[in-house]
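Here the structure is laid out as structure tokens; the discussion comes afterwards.
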Amino acid sequence: MADLMKWFDTRRSPVELIERLFEGDTAASGIRVEESVEGNTLVVRAELPGIDPDKDVSVSVVDGALEIKAERKEKTEQKDKNSYRSEFRYGSFMRRVALPDGVDQDNITASYRDGVLEVRTTVPEKAQQAPARKIEIQRD
């Protein structure tokens with residue numbers, strides 16, 4: 001049931017829902033992401049092993065969502081006296097994570113360590129909602 005409910009998460013944009021429909025779940029998007037809240041800080045961790053964050057990763061905020069883009073370029077060659085072998089992997093990957101309303105875009109930090117990109121931002125306190133109140137129905 002939890003898997004079904006994530007499709008209806010109101011923080012997700014319609015575009016992301018369509019992407020999830022056609023791509024399957026997060027495994028197909030190329031970037032696996034973990035979201036958590038530690039105290040009053042939203043922490044987003046993205047698996048990006050073997051990628052140079054200085055050259056091949058872009059983190060930005062677009063339409064109220066954290067957008068992580070990465071590009072992988074790997075090439076290996078083996079040359080022997082009688083043989084030659086070359087392998088390469090490449091591709092571009094993008095992932096969007098909806099941010100809570102009211103996030104201060106100037107207060108977002110990103111770091112990269114051991115193949116994991118970590119993005120942190122302070123979660124704004126929710127405005128206190130008025131208590132529930134019953135409305136009487138008038139009969140004419």
Side-chain angles (χ1 to χ4, degrees):
M1 185 67 164
D3 289 336
L4 180 62
M5 292 308 295
K6 71 181 170 183
W7 283 89
F8 298 103
D9 186 348
T10 58
R11 297 180 306 149
R12 307 264 184 235
S13 72
V15 172
E16 185 175 356
L17 292 174
I18 291 169
E19 287 173 352
R20 287 173 153 240
L21 177 66
F22 287 105
E23 294 177 352
D25 203 4
T26 59
S29 71
I31 300 176
R32 291 180 175 255
V33 172
E34 170 186 273
E35 296 177 60
S36 63
V37 176
E38 298 174 1
N40 67 340
T41 302
L42 172 66
V43 180
V44 178
R45 291 183 183 93
E47 292 181 347
L48 297 172
I51 293 179
D52 182 348
D54 296 327
K55 292 190 265 181
D56 300 327
V57 178
S58 168
V59 179
S60 56
V61 176
V62 178
D63 297 327
L66 181 67
E67 185 175 85
I68 301 170
K69 291 183 180 181
E71 188 170 347
R72 177 186 309 275
K73 297 177 217 168
E74 289 183 46
K75 184 175 180 180
T76 58
E77 291 182 307
Q78 292 178 333
K79 295 179 185 180
D80 293 331
K81 184 177 180 180
N82 296 323
S83 68
Y84 173 79
R85 179 182 172 118
S86 174
E87 289 189 36
F88 59 90
R89 292 190 319 168
Y90 61 90
S92 296
F93 311 97
M94 192 268 296
R95 183 70 188 269
R96 281 190 174 188
V97 176
L99 294 171
D101 290 334
V103 165
D104 180 6
Q105 293 184 16
D106 295 328
N107 191 23
I108 298 175
T109 62
S111 61
Y112 183 87
R113 181 176 168 193
D114 298 331
V116 177
L117 174 73
E118 184 175 278
V119 181
R120 292 178 164 265
T121 186
T122 303
V123 177
E125 290 187 33
K126 292 183 180 179
Q128 187 172 356
Q129 294 181 347
R133 179 175 150 290
K134 185 174 179 171
I135 307 297
E136 295 296 323
I137 300 172
Q138 303 291 323
R139 292 186 81 147
D140 293 331

Donor-acceptor pair, side chain of Arg72 and main chain of Asp56, under 3.5 angstrom: no
Main chain of Val57, side chain of Tyr112: is a donor-acceptor contact present, judged purely on distance under 3.5 Å? no
Any idea which heavy atoms bring [X] and [Y] closest together, and the distance?
| X | Y | result |
| --- | --- | --- |
| Ser86 | Glu77 | OG-CG, 4.1 Å |
| Val43 | Arg120 | CG2-NH1, 3.5 Å |
| Pro53 | Ile51 | CD-O, 3.2 Å |
| Asp104 | Thr121 | O-OG1, 4.1 Å |
| Val33 | Val44 | CG1-CG1, 3.5 Å |
| Pro100 | Val123 | CG-CG1, 4.4 Å |

Would you compute the distance between atom [atom1] of [X] and atom [atom2] of [Y] and round it to the nearest 0.5 angstrom?
| X | Y | atom1 | atom2 | value |
| --- | --- | --- | --- | --- |
| Ser58 | Glu71 | OG | CD | 11.0 Å |
| Arg113 | Arg45 | CZ | CZ | 11.5 Å |
| Leu66 | Gln105 | CG | CD | 10.0 Å |
| Ile31 | Leu117 | CD1 | CG | 8.5 Å |

For Asp80, does the CG atom sit with more than 12 other heavy atoms under 6.0 Å from it, leaving out its own atoms? yes
Atom CD of Gln78: over 12 foreign heavy atoms under 6.0 Å: no
Can you find a heavy atom in the side chain of Glu125 that is under 4.5 Å from one in the side chain of Asn40? no
Under 4.5 Å between any side-chain heavy atoms of Lys69 and Ser60, yes or no? no
Glu35 and Arg95 ion-paired at < 4.0 Å: no
Let me check something: do Leu42 and Val62 share a hydrophobic cluster, defined by ILVMFWY side-chain heavy atoms less than 4.5 Å apart, either directly or through other members? no
